[in-house]
Amino acid sequence: MPDANTTSPPAQFDAIVIGAGFAGLYQLHCLRDRLGLKVRVLEAADGIGGTWYWNRYPGARCDSESHSYCYSFSDELIRDWEWSERYPEHPEIRRYLNFVADRFDLKRDIQLGTRVAGASFDEGASRWTVRTEAGETFSAQFLITAVGCLSSANVPKIPGLEDFEGDWYHTGEWPHEGVDFAGRRVGQIGTGSTGIQAAPVIAAQAAHLTVFQRTANYSVPAHNAPLTPEFKAKVKAGFADIKRTMHSTTNGHPFVIEEQSVFDVTPEEREAIYERAWAKGGLQFRANFRDITTDMAANATAAEFIKAKIRAIVKDPATAAKLSEIDHPYAAKRPPIDSFYFETFNRENVTLEDIRADPIDRITPTGIRLQSGKEIPLDILVFATGFDAMTGPFLRMDISGRDGLTLAEAWEAGPRSYLGLNVKGFPNLFTITGPGSPSVLCNMPVPIEQHAEWIAGCIAHMRQHGIATIEATEEATESWSAEVNAAAEATLLPQASSSWYLGANVPGKPRVFMPYAGGMAKYRGICDEVAAEGYRGFELGRATVAA
Ligand code: N01
């Protein structure tokens, strides 16, 4: 790696991809192996895996079922890879991604330990110059961000953290060597999907766990288990059908959303359906009726069912009340699934602190003090406090487009994009699972594959037709922003006012509903139409590019 002070000319590529997670790996394969482009992937971490490189907290596993949380583009991969459990744990996902990278010989074009500091678009050359923190520069016609939606850790600014004498960790930047909780008093802040996964595992190891809950949350059992040989064989034989289902549904999961309304059945039938769904477990709980995620009264039936389950599981009535007094509709925030989360509060060594009723005053050298004056002594503090989602990973880089416009300026009032794939003012920048795409509302590999393939198709089209630049028009951006808003408004998603979908978890962040809630299948159709109509909504610059 060159010295930061050297001024060697930028290394020349057709495309630079930032990030070597699910998205970056597949984008490299599409561009290099199918189009023959010269591509370099720049990755900040010392290994591939993206979110799964960083998220190694106790209990970290995927909430999508393993047989669907994988690439679907290669029959060989489906044939040769075997998942061990219903929900894959983080090391198994890293093994899978390394297996894919080795199978397609991807690593030779991935530069690890290379954090991108910024990128700027040179209008004269119609090329991006990409700068790394180490001072290297790269020049490419196309810049593709595969930076993930949940990769910028959010450590809340609670006064006193700098004085804490114990150890503290954010779940999204977990030490590779693990954390020894034995004999320690642990405080965990946050009860989102991550906190709900982590708490039972930490509680089983620590002397004491205090969970600091600001917003009570729903959760449905995951019922994780080893996969049987019969199930594995069925998946391999029937993967084409599974893929068809994933491509036809709203969320890209391998299950369909039922046609029936909550109100098409009697209360007794509904209860029986919810009971069966609870026994089955997983994210498909919300798919039992078509209107759970769109109609408040329908949603209330699912919400009440889960709240009753929480009250039945948690033995201490006061704790059960704190856990089940939930202020938002079910699935209006990303619904967690768990392995014995509510049961964890029946353990002698676990306490719940309701920090909405009695907020954190400050972190002290020896623990946490609440506003009531109550002191909770702690040796370890775990922040399961989520991420500066969707925009955070972009805005921590200094990206400037046409006329020196920075992305921070373009998104000052919240992110705007066309299809979540390009931002006006930033020609030839493609944003895989960017704000305005269905991304986080889906089983992620499905939108990732679709985006990477669409981008490759777009670049192939540009090359065939001598097009040097592509950039969203203002009109298309405006109408896509309206579409993103309308899609969200048609659901209950905006009803959760503290949700990270809205940017509400990061103080000062503009409140804009970021993902496209119209469904993956509809989105795919729109993207296909846009391409078929000669990239409708994009301005195509026809000047030829110097080789
Ligand atoms: O983060 P979150 P996450 N003081 O933002 C609380 C994906 N994921 O890491 O709700 C006190 O959901 C905050 O409280 P509140 C998945 O998409 C996937 O859990 O803002 N508390 C909340 O309880 C998920 O949605 C998987 O009031 C504070 C929690 O911290 C996304 O990642 C597994 C606080 C943050 O919840 C993010 O989930 C895990 C403060 N200052 C996650 N600030 C798999 O599929 C925040 N909180 C594997």
Side-chain angles (χ1 to χ4, degrees), residues 22 50-52 54-66 68-69 85-90 92-93 148-159 161 170-174 187-199 201 210-219 222 224 251 253 282-283 323 326-328 331-339 341 352-363 368 370-371 381-390 392 433 439-445 493 496-509 514-515:
F22 259 99
T51 197
W52 298 106
W54 301 103
N55 280 273
R56 301 176 188 225
Y57 60 86
R61 63 174 72 247
C62 187
D63 290 347
S64 294
E65 299 201 26
S66 55
S68 66
Y69 195 71
E85 292 179 278
R86 181 173 175 186
Y87 302 97
E89 211 181 352
H90 63 95
E92 188 168 23
I93 304 173
C149 300
L150 298 159
S151 52
S152 186
N154 169 42
V155 179
K157 292 185 177 52
I158 302 175
L161 180 57
H170 186 282
T171 49
E173 293 173 348
W174 202 256
Q188 176 189 302
I189 303 180
T191 53
S193 301
T194 299
I196 281 175
Q197 285 187 336
V201 186
T210 305
V211 175
F212 295 87
Q213 172 189 278
R214 187 165 69 179
T215 306
N217 212 342
Y218 301 94
S219 185
N224 186 43
N251 306 102
H253 284 289
L283 290 171
L323 288 164
I326 306 174
D327 67 357
H328 52 276
K333 286 183 161 187
R334 154 70 152 74
I337 60 174
D338 70 275
S339 297
Y341 175 65
L352 181 69
E353 288 294 343
D354 176 357
I355 54 169
R356 179 162 300 185
D358 187 2
I360 294 175
D361 174 38
R362 63 178 298 114
I363 296 170
I368 282 185
L370 303 180
Q371 284 185 4
L381 198 42
V382 173
F383 288 95
T385 44
F387 302 89
D388 181 356
M390 301 201 81
T433 63
S439 59
V440 289
L441 298 177
C442 302
N443 174 31
M444 285 301 269
L493 289 164
S497 58
S498 66
S499 136
W500 60 257
Y501 294 148
L502 276 163
N505 63 325
V506 176
K509 188 166 172 170
M514 293 184 284

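Throughout, numbering of the chain's residues begins at 1 and tracks the sequence. Counting convention: from 1, in listed order, for ligands and their atoms alike.
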(Q) The test is side chain to side chain donor-acceptor pair (under 3.5 Å); show your working for Asp338 and Ser219 and say whether it passes. (A) CA-CA 6 Å; Asp338 70 275; Ser219 185; 2.6 Å; yes
Q. Quick check, are the ring centers of Tyr69 and His253 under 6.0 angstrom apart?
A. no
Q. Does Thr385 offer a backbone N or O that forms a donor-acceptor pair with the side chain of Asn154 under 3.5 Å?
A. yes
Q) Near ligand 1, which protein residues have a heavy atom under 4.0 Å away? A) Trp52, Tyr57, Arg61, Cys62, Asp63, Leu150, Pro156, Ile189, Gly190, Thr191, Gly192, Ser193, Thr194, Gln197, Arg214, Thr215, Lys333, Arg334, Ile355, Ala384, Thr385, Gly386, Phe387, Ser498, Trp500
Q: May I ask you to check whether His170 and Tyr57 place their ring centres under 6.0 Å from each other?
A: no
**Q.** Partners passing salt bridge (Lys or Arg N to Asp or Glu O under 4.0 Å) against Arg334 (at least two apart in sequence or in another chain)
**A.** Asp63
Q) Looking at Asp327 and Arg356, does any basic side-chain N land under 4.0 Å from a carboxylate oxygen? A) yes
